[in-house]
Amino acid sequence: MRAGREALAITFLAPAVLAALEAQGMAKLYLEIENPLVRVLARMEEVGITIDRSELEGLHERLTTETRRLTDVLREVVGRDFNLNSPIQLRQILYEERGLSPTKKTKTGLSTDAATLEKLRYEWPEFIEPLLQYREVEKLRSTYAEGLLAEVAPDGRIHATFNQTVARTGRLSSDQPNLHNIPVRSDEGRQFRKAFITPPGHVLLVADYNQIELRCIAHLAEDPGLVAAFTAGEDIHTATAARIFSVPEEQVTIGMRSTAKMVSYGLAYGMEAYGLGQRLNIPTEDAAVILNAYFTAFPNVRDYMDGTVKEARTRGYTETLFGRRRPIPELSNANYRVRQAGERQAMNAGIQGLAADIFKVALVRLDQALEAAGYASRIILQVHDEVLVEVPEAEREAVGKLTVDTMRHAAELRVPLEVNTAFGRTWADAKT
DNA sequence: CGCGAATGCAA
DNA sequence: TATTGCATTCGCG
């Protein structure tokens, strides 16, 4: 057991503490979820995950060569030496010397982030395009190639720390290293998942909840349209797009589906028309039309959001279905912006928090079920809605079924919980 | 060396 | 003016 774990542990609560929690209706949360989870996390940390060091070293070498090449290209274009990693120096080159006009500001000046550069791309492509490439490659090189190599223990495995009391919504967090943000979206980044492997005779089981946060919204809002779509097992983004744009599902285009997806996810974060417009790169007015269409199609969702904020304002905190409370003092702050941020936090807490609670129940029960059945399979990682299990070949089929079954029934909502699984020798191979 | 800011990776 | 995290880098004090 890692140092600090026992201090952090909330197991063995003093009777007085338990009585206080009971009075607040929170004893169940601690006794059935948080206390047993302490042991699950300790075991995950102890077991760790096997790393193919040479795979990481190969990536490091390739990325180092590429950053050097791009550095040369960029210095050649500008005609002098400068620090590519300094936003201040980049700002000077792009906006003072070249005279470009960015669409976004930071707290201290003009922004040079990727979204901003993307919009300026064709005004100075010979500089901005290699710069965007440099940013991507340098991120992978420094954070993932160098960062992960530095964390490989003498046993050839990475033993991250999983924090139970950091995220304010009830999620777990991971550090040293953070295994919750290993790249997957870009082809280059995804290569890092090839370095996460299993010992001989074992296979990696990856099981993830399908759309769990949206299912939580459907349940909490009791929205007939959303509940019906999930119950029917439809592709939720296509179904949503059909309702937003008032077309039959067969006529939903890729773009419409993509917009619907953006709206659905933005909802859980309290996004407004301005934010949607920014992300879709369309006028705020057009984004407002889309948002209104969404709330017309799924009216209970808006009611749920409004009700959640109102309740949180009265009580000073939000509470998940399982009794997890999050104080939100920002709701009574004198500053309008701070209050608005508090409202978004209130809207998000019940949704992200419920999903986190369900996942924690699944982790505890899966760990107990594996132990009770005498399996050698071990939970080695969780990533918010996904669990990785290291499975001896002989247990493959049985543990796959047990995992799906446990996750599906961790909670009974108004909509079914669906779980996807995949097996592989590496994390990259186990694509669900 | 510590810290805030900027940036970017994930769910 | 979209939530929750963590790591890296720069640049200041």
Side-chain angles (χ1 to χ4, degrees), chain A residues 82-91 104-117 131-132 134-148 150-151 160-186 188-190 192-193 208-214 216-217 262-280 284 287-288 291 305 318 326 328 336-353 355-356 359 381-387 427:
Chain A
F82 67 102
N83 188 343
L84 274 169
N85 294 327
S86 165
I88 296 174
Q89 294 181 37
L90 278 175
R91 205 183 276 162
K104 201 168 118 188
K105 290 178 183 174
T106 66
K107 199 172 288 184
T108 61
L110 303 176
S111 175
T112 71
D113 70 13
T116 306
L117 293 179
L131 176 59
L132 287 166
Y134 173 84
R135 282 258 178 88
E136 182 182 353
V137 170
E138 172 60 10
K139 175 76 175 183
L140 297 176
R141 190 198 64 78
S142 62
T143 302
Y144 297 103
E146 283 198 342
L148 289 177
E151 296 288 352
T161 304
F162 296 99
N163 308 298
Q164 199 172 343
T165 57
V166 171
R168 283 165 293 188
T169 51
R171 273 187 172 189
L172 298 176
S173 80
S174 159
D175 62 18
Q176 282 188 289
N178 180 6
L179 293 181
H180 286 166
N181 68 343
I182 302 303
V184 68
R185 293 173 196 177
S186 77
E188 278 227 275
R190 201 158 43 235
F192 283 92
R193 295 190 175 218
D208 72 296
Y209 280 113
N210 177 283
Q211 314 283 5
I212 191 168
E213 287 201 4
L214 276 177
C216 289
I217 291 175
M262 191 95 70
V263 173
S264 294
Y265 277 103
L267 272 183
Y269 306 145
M271 184 179 62
E272 290 179 56
Y274 176 88
L276 181 63
Q278 286 294 303
R279 279 162 187 79
L280 292 175
T284 302
L291 269 184
M305 297 289 184
T318 63
R326 172 180 176 174
I328 308 186
Y336 174 69
R337 285 185 180 282
V338 174
R339 278 204 308 281
Q340 274 208 321
E343 290 177 6
R344 290 194 297 274
Q345 289 162 4
M347 284 186 260
N348 180 258
I351 300 163
Q352 194 182 113
F359 202 93
L381 181 60
Q382 77 77 239
V383 191
H384 307 308
D385 64 0
E386 166 183 348
V387 63
W427 197 359

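What you are looking at is a predicted structure, and each value in this text was computed from that prediction instead of being measured. Just so we're on the same page: letters track the sequence lines, and every chain starts at 1.
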Length of the line joining A:D175:CG and C:dT4:C1', which is rounded to integer Å: 15 Å
- line: Between A:L179 and A:A160, the two heavy atoms sitting closest are CD1-CB, 3.8 Å
query: A:R190 near the nucleic acid: base, sugar-phosphate alone, or nothing, with a heavy-atom cut-off under 4.0 Å?
result: nothing
- request: Measure up the A:H180 and A:H384 rings against each other and bin them: parallel (under 30°), tilted (30 to 60°), perpendicular (over 60°).
  value: tilted
message: Using a 4.0 Å heavy-atom cut-off, does A:G147 contact any base of the nucleic acid, only the sugar-phosphate backbone, or nothing at all?
response: sugar-phosphate
- line: Between CZ of A:F82 and P of C:dG11 the distance, given in whole Å, is 12 Å
task: Grab the CD1-P distance between A:I88 and B:dG4 for me, whole Å please.
output: 16 Å
- request: Using whole Å, report how far OH of A:Y134 lies from P of C:dT8.
  value: 15 Å
message: With a 4.0 Å cutoff (strictly under), does any side-chain N or O of A:T169 reach OP1 or OP2 of C:dT4?
response: no
message: Tell me the interatomic distance from A:N163, atom CG, to C:dC6, atom P, rounded to whole angstroms.
response: 6 Å
message: Output the rounded distance in Å from CG (A:L90) to C1' (C:dT9).
response: 12 Å
- prompt: The side chain of A:T143 lies closest to which of these nucleotides: C:dA7, C:dT9, C:dT1?
  reply: C:dA7
field: Nearest non-hydrogen partners of A:M305 and A:L267, listed with the distance
entry: CE-O, 3.4 Å
- line: Once base and sugar-phosphate atoms are separated, protein heavy atoms under 4.0 Å mark nucleotides 6-11 of chain B, 5' to 3', with B, S and - as SSBBSB
- request: Under 4.0 Å between any heavy atoms, over every strand shown, what does A:A268 touch: base, sugar-phosphate, or nothing? Just pick one.
  value: nothing
- prompt: Do A:V263 and A:L291 have side chains that get closer than 4.5 Å, going by heavy atoms?
  reply: yes
field: Sugar-phosphate, base or nothing in reach of A:E146, heavy atoms under 4.0 Å
entry: nothing
query: Is A:K139 salt-bridged to A:E136, cutoff N-O under 4.0 Å?
result: no
task: May I have the distance from A:M305 (atom CE) to C:dT3 (atom C1'), rounded to whole angstrom?
output: 11 Å
message: Quick check: closest heavy atoms across A:L90 and A:R135, and the distance to 0.1 Å?
response: CD1-NH2, 3.3 Å
query: So what does A:T284 hit on the nucleic acid, given a heavy-atom distance under 4.0 Å: a base, only sugar-phosphate, or nothing?
result: nothing
Nearest-angstrom distance from the residue atom CD of A:E138 to C1' of C:dT8: 9 Å
- prompt: Considering residues at least two apart in sequence or located in another chain, which fulfil the ring-ring contact (aromatic ring centres under 6.0 Å, His included) criterion with A:F192?
  reply: A:Y144
field: Of the listed nucleotides C:dT3, C:dT4, C:dC10, the one nearest the side chain of A:N83
entry: C:dC10
